[in-house]
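Following: one structure in structure tokens, then a few remarks.
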There are 2 protein chains.
Amino acid sequence: MATIYDVATLAGVSPATVSRVFNGRAVSEDRAQRVRDAAEALSFVPNRTARTLRRQSSEVIALIIPDIENPFFTALARAVEDRAQAAGYSVVLCNTDDDPVKEATYLQIAISENMAGVILVPASDESDLSTIIASGRPVVTVDRTTAFDVDHVMIENEPAGASVTAALFDAGYQRIACIAGPETVVTAIDRARGWRSVVERRGNYNPDLFVRSANHRLDGGRAAMAELLASPERPDAVVATNNLMGVGALQVLNEYGLTPPAFGVGVIGDLPFTTLSPGLVTLVHLPTRDLGTTAVGMLVSRISGHREPARTVLLPGELAAAASVRS
Amino acid sequence: MATIYDVATLAGVSPATVSRVFNGRAVSEDRAQRVRDAAEALSFVPNRTARTLRRQSSEVIALIIPDIENPFFTALARAVEDRAQAAGYSVVLCNTDDDPVKEATYLQIAISENMAGVILVPASDESDLSTIIASGRPVVTVDRTTAFDVDHVMIENEPAGASVTAALFDAGYQRIACIAGPETVVTAIDRARGWRSVVERRGNYNPDLFVRSANHRLDGGRAAMAELLASPERPDAVVATNNLMGVGALQVLNEYGLTPPAFGVGVIGDLPFTTLSPGLVTLVHLPTRDLGTTAVGMLVSRISGHREPARTVLLPGELAAAASVRS
DNA sequence: ATGAAAGCGCTAACAA
DNA sequence: TTGTTAGCGCTTTCAT
């Protein structure tokens with residue numbers, strides 16, 4: 001692999017001049033051309049490792065997510081990547097599996113690799129950001145928060161939970177249960193709170209009997225749905241606080257012969273790769289792309305030296321498909 | 001951030017000794033302990049950038065995939081990540097969007113960042129690996145091949161195409177069409193060839209009229225299915241050569257009121273997050289995990305200096321659910 | 001077993 | 001505008 005010294009020798013200039021050409025600094029046109037020609041001839045590619053060591057910062061952003069197999073997060077990753085690319089950054093994707101230890105490891109790596117910044121979906125509200133904050137690397141959290149005072153961009157979760165629940169009541173369902181995510185995730189808590197507020201107002205039952213906490217994956221939704229169907233006070237509808245739990249619930253309902261609209265289903269998030277007819281399930285569409293692009297914007301502004309206090313951005317979900325009236 | 005010099009000073013040893021402790025080289029026990037204590041006290045973390053520059057190789061593997069929103073590839077990523085982690089490597093995930101230019105950029109970055117190696121799902125059979133090969137970095141391709149002579153791990157695609165088609169004939173379907181992937185992707189070609197071989201043997205029609213080439217995503221499957229349904233010689237069943245095209249086909253069939261088994265559907269790959277009852281769709285289950293772990297194994301052996309000629313590993317698909325007999 | 005010192009490839013003062 | 005030079009933090013000969 002050729003270095004700037006090789007290029008410099010061939011072009012008859014100093015290494016510094018080569019560096020300047022590749023960093024867009026002022027160099028006389030004829031010399032610049034000689035450098036470009038020499039670089040071309042040697043198929044020179046700047047060594048990013050050396051540049052990073054010298055500059056103490058790379059052009060790489062870490063995107064740390066809890067579950068790479070959840071389409072919500074891959075869509076987020078797409079958005080982040082597109083926007084980051086446009087701003088001149090590469091994105092490395094790190095999967096924590098909701099494991100705070102893995103998360104801590106990746107944060108450590110981000111520091112140790114001198115990455116430009118981190119976009120993080122925290123594994124839980126207990127996630128420890130003290131080390132990365134102390135390192136001075138910018139951090140933005142997305143979709144979830146922690147106790148730490150950093151930029152974050154969130155969904156309006158409580159209204160999302162409320163609107164999907166209200167839509168199910170409007171459609172004629174009476175006993176609407178809730179499959180909520182883990183109690184350590186702010187997003188799940190807020191969405192469940194939205195469900196509860198509507199139930200307390202319009203429902204004729206005790207919400208506590210109709211809520212189940214589950215992991216955010218398919219099997220979590222399945223287990224919770226099965227439990228709800230087995231309970232003495234059987235609900236006639238359910239709200240799942242994320243996409244995969246919604247799919248799990250639908251799978252179990254299908255196995256019981258209870259497909260919508262015979263049993264009402266509301267989901268906060270979009271059903272990935274669904275083969276269901278539209279309108280059967282009440283959905284709150286989430287602005288995944290905006291979530292990602294906003295986060296990149298905030299992060300890049302921090303990387304460029306922005307020093308204001310931590311900012312919060314709230315993005316609304318959108319009730320996408322009204323449930324059919326109950327058959 | 002503390003450096004080995006800080007640690008060395010505090011521990012009263014030389015920087016070289018600190019380095020040795022962190023690299024498991026022989027150091028007397030008392031000094032090693034002093035170093036560990038000092039490192040702990042300063043919360044020292046080795047700077048990977050410096051190490052990489054010096055060693056000319058990092059502990060990072062690039063995994064380059066065509067579509068991060070396809071669950072097949074995210075499952076692959078999971079497998080690769082788990083196995084790589086166990087071998088002491090981090091994985092950075094790069095999404096090419098089937099774009100040879102993006103692919104070339106990521107390969108360039110892998111070189112420029114001194115990454116330990118690359119696991120690549122080539123965007124097409126025209127993908128140019130000459131640069132990365134010339135750089136000396138090990139490369140393993142997965143799921144698809146190129147003209148270049150590198151290690152690769154593949155599915156037995158032609159048998160997969162044949163077995164799913166045969167199963168549909170067995171179930172009583174007569175005119176089985178094929179939604180094939182892009183003609184630039186070896187995997188798609190081979191699977192379609194498997195379909196064709198069975199049709200030529202058992203079908204009473206001209207295969208050419210019943211095959212459509214589509215992009216590997218949802219919309220590709222939708223468009224191809226719509227076209228097949230509109231054609232004068234309407235098929236009574238279809239084989240999709242990947243998962244997302246299968247979902248797209250099912251969506252369109254559903255819109256036409258043609259749900260299986262009224263219309264036969266075979267898919268090579270698993271239906272992601274399906275809410276369909278099992279057995280309605282004929283599937284070939286793909287050994288995604290094995291694909292990933294095998295690739296990591298091959299790559300790591302190359303990184304460790306293995307110098308044999310390029311190896312090929314073939315993994316079989318598995319006919320997972322027989323179609324119900326046609327109603 | 002340990003330390004001194006060179007150098008990986010680049011950038012950024014500083015001088016000219 | 002251009003070149004000289006120091007140094008980012010680490011690993012690794014080479015001595016001792």
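Letters A, B, ... are given to chains in the order of the sequence lines, protein chains preceding strands, and every chain is numbered from 1. The shown structure was predicted, so the numbers you read here are calculated from the model rather than taken from an experiment.
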- Task: For residues 128-155 of chain B, pull every pair meeting ring-ring contact (aromatic ring centres under 6.0 Å, His included), keeping only residues two or more places apart or in separate chains.
- Result: none
- Note on the structure: DNA chain C nearest-nucleotide lookup for B:Q56 and B:R31: closer to the 5′ end is B:R31
- Message: Over the length of the helix from C:dA1-D:dT16 to C:dA16-D:dT1, how much do the five-pair end axes diverge, rounded to 10 degrees?
- Response: 30°
- Message: According to side chain to side chain donor-acceptor pair (under 3.5 Å), does anything in residues 118-127 of chain B pair up with another residue at least two apart or in another chain? List the pairs.
- Response: B:E103-B:S127
- Anything under 4.0 Å to a heavy atom of chain A counts; send over the first and last such nucleotide of DNA chain C, read 5' to 3'. C:dG9 to C:dA13
- Not counting sequence neighbours, which residues clear side chain to side chain contact (heavy atoms under 4.5 Å, CB included) with B:D37? List them please. B:Q33
- With sequence neighbours left out, what residues match B:S14 under side chain to side chain donor-acceptor pair (under 3.5 Å)? B:T17
- Item | Partner set under salt bridge (charged side-chain N to carboxylate O under 4.0 Å, His left out) for B:R217, not counting sequence neighbours | B:D219
- Results of side chain to side chain donor-acceptor pair (under 3.5 Å) for A:S28 - residues two or more places apart only: A:D30
- Item | Expected output: side-chain B:S112 to main-chain A:P46 donor-acceptor under 3.5 Å | yes
- Note on the structure: Under a 4.0 Å heavy-atom criterion, the protein footprint on nucleotides 10-16 of chain D, written with B, S and -, is BBBB---
- Message: Taking salt bridge (charged side-chain N to carboxylate O under 4.0 Å, His left out) as the definition, give me every residue that meets it alongside A:E113, ordered by chain and number, with sequence neighbours left out.
- Response: B:R48
- Query: Who pairs with A:R302 by salt bridge (charged side-chain N to carboxylate O under 4.0 Å, His left out), at least two apart in sequence or on another chain?
  - Reply: A:D151
- Applying salt bridge (charged side-chain N to carboxylate O under 4.0 Å, His left out), name anything that partners A:E29, two or more places apart in sequence or on another chain. A:R36
